[in-house]
Number of protein chains: 2
Amino acid sequence: MSNILEIAKLAHVSCSTVSRALNGRKGVSDAIRAKIVKLAQDLDYYPDSSARALVSKRVGVIGLIIPRTSEYTFTSPYYSHILLGISAVVTERGYQVMLVINERKSYAAFYHRRMVDGILVVGNHVDDKKIWPLTESGIPSVVVPGFIDDSPRNPLSVNSENYDSNYQAVSHLIELGHRRIAFILGYPNSKYSVERIIAYQDALRDHGLEYRVEYTPYSDFSVADGFRVMGNLLDLPKAPTAVLCLNDSISIGALDQIKSRNLRIPEELSVVVTCASDMLAHYDPPLSTIKVPVVSVGKAAASALIEMIETGSAPREIPKIPSTFTIRKSTGPCPRPE
Amino acid sequence: MSNILEIAKLAHVSCSTVSRALNGRKGVSDAIRAKIVKLAQDLDYYPDSSARALVSKRVGVIGLIIPRTSEYTFTSPYYSHILLGISAVVTERGYQVMLVINERKSYAAFYHRRMVDGILVVGNHVDDKKIWPLTESGIPSVVVPGFIDDSPRNPLSVNSENYDSNYQAVSHLIELGHRRIAFILGYPNSKYSVERIIAYQDALRDHGLEYRVEYTPYSDFSVADGFRVMGNLLDLPKAPTAVLCLNDSISIGALDQIKSRNLRIPEELSVVVTCASDMLAHYDPPLSTIKVPVVSVGKAAASALIEMIETGSAPREIPKIPSTFTIRKSTGPCPRPE
DNA sequence: CCGTGTAACGCAAACGTTTGCGTTGGGGGT
DNA sequence: ACCCCCAACGCAAACGTTTGCGTTACACGG
């Protein structure tokens, strides 16, 4: 309701002094600063964001693009944890988050209209043609998680390390004697899937095993599809003796399928799940898990974007957030060695 | 990059004419309007939101408060569908959505700083003390879904109709001969739970049945807790012959529990699920369902808020969005009549 | 006592847009 | 021919803040 000029009059100073005092800049004595701060408190003063943005050219808002504002993205534990990480950093750095849900216009328009200082794209199955204009216009922008190819036209991207942990998990199963190891994947073009399938293939090859495509079915990342695909695997003439699941939802669906057939874990079937959340933390038996630190990924992405905004240049290197493979009780010796 | 003045010079008109032309107001001839529009296109002109907001006092943004920016809210099908409805309306009406995730400051501060034109509170387990200042300051605000009590201090709220559909479902089960009917609830203080439990109690009473508290356990709304609570119910000395579940997640957990015990639906146990999403649409057998039109709830809330913003007064009456009870194959005659 | 540096503060422009009011010109009614 | 009205357009203030620059006053060293 009140503005800077009003405070200035009551404090018998100029409005520039009020601005400096309230923004914590130097050039104002402690006594006057205290008086101004108290006055602002009493008058219930709030700075007008629009006026501030108009002159300072910064609005303190980052745009969050969730390409599919659909059931899937909001519902997915993976994405909701990324959002948690983003929220934490953004709040800490004093920014706000604007959801960019109006996809009819280009993403860049939100920057050009000065509604946001930078853009954070969440989701790796994004239409490249809507992404490229961001880098071409020099708009501070980060894509998380990762990106499919490393074209120079793509913005900076942040991802977890996906190769090592998967390699370890597959090696672990092989060392337990398993030869028929399945891996339920997600969408074919997801970088998330690609890195892991390569690790899987490498581990097989390094141990002298053959890669068989029928053991690496795709899914749509959902619980229902995890259930369906797991059923297909178990119906194979040579059903796998061990299975890895790519994400939380697939894991839940697959475990449901296994439970519905009364197969014992790990006596009859070994299971390794990939977890972003801790929804499966209390499963019986405790699950051997590839834990993906998704919250950290979100934090790293937000940090990188804010650094781009504030320094005007891209960070040197984005650290890959390491995943960790932990052996628990859901993986055991192969029941029927060949 | 370019501004209104630049366009004005090139078009040999004043900047007020440019403003009127671009905003579709009358008072500018067709010829000049066309020239200005083309010029704006060529110059890649975007209006500066800050400057516009500064003078017009409207920013075209609504603040979205999700009290728990936690795993729960983002993950829940219920809330994600509300967000879908909100998104649709907000986009259609030309607004943007800002996530209010900085809970350290009061919600009202976002309005006073003119970052938002109104505030939409999503979630009914909200701290009242953070809500009240909204109405007291006359800030356009809507709470969805519903609110616990009808204190005049509370803002406008939007909810689905919850009583009738639940009454019908319970009556349906009673008419099938069931006498031991369980109802897995959510948090005790959720309005969502309260209305439904009253309908449940009324239906029992109207049919001369006794209400037994051990059949109406609380849960935390999650899949895991649905699983746990369903297990407790089935372990009762007098286990129920029919069960209702309050939301999607509880339903999934409860169905998992039933499946893990190999109980046949509906021969051994009748089930009625409450659905906001269609995650359970293809379940076998097809489920008797209380369908809650959550997307519509979100739409109604957003519409009401925008009306408050634009007219300055609260809408007369918010329609209750009706839920519908549909009988399918998961409810059958009571297996062991008493 | 003088010169110099510095902290504290005021002045006023600038940011880009909207909008009330004033002016102009031309057309239509009497 | 006169008056009046309205459409089309310009002028300039206003929105609230930030900030570069100028001014003042005071301390301090020489």
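Below, chain A is the first sequence line, B the second, and so on; all start at residue 1.
Note on A:Lys57: every side-chain N or O is 4.0 Å or more away from OP1 and OP2 of D:dT18. Proximity of B:Ser19 to the phosphate of C:dT18: a side-chain N or O atom is located under 4.0 Å from OP1 or OP2. Not one side-chain nitrogen or oxygen of A:Ser16 sits closer than 4.0 Å to the OP1 or OP2 atom of C:dG10.
Ring geometry for B:Tyr46 against A:His112 counts as parallel: the plane angle stays under 30°, on a 0 to 90° scale with 60° as the upper cut.
For the pair B:Lys38 and B:Asp42, the salt-bridge criterion is met [side-chain N within less than 4.0 Å of a carboxylate O].
Just one residue in the list A:Tyr78, A:Tyr79, A:Tyr187 forms a ring-ring contact (aromatic ring centres under 6.0 Å, His included) with A:Phe221, and that residue is A:Tyr187.
B:Ile4 places its CD1 atom 15 Å from the C1' atom of D:dA12, with the value rounded to the nearest Å. Across the protein-nucleic acid pair, B:Leu5 atom CG and D:dC11 atom C1' stand 13 Å apart, rounded to whole Å.
Other residues, nucleotides and ligands contribute more than 12 heavy atoms inside 6.0 Å of the NZ atom of A:Lys57. The environment of B:Gln41 atom CD is sparse: at most 12 non-hydrogen atoms of other residues, nucleotides or ligands sit within 6.0 angstrom.
Sequence order on DNA chain D of the closest nucleotides to B:Val13 and A:Thr17 puts B:Val13 first from the 5' end.
Near DNA chain C, defined here as any heavy-atom distance below 4.0 Å, the residues from residues 23-39 of chain A are A:Gly27, A:Val28, A:Ser29, A:Ile32, listed numerically. Within a heavy-atom distance below 4.0 Å of DNA chain C, no residue of residues 40-52 of chain A is found.
Set against C:dG20, D:dG16, C:dA12, the side chain of A:Asn3 has D:dG16 as its closest nucleotide.
Applying the 3.5 Å distance criterion, the base of D:dG10 shares a donor-acceptor pair with the side chain of B:Arg20.
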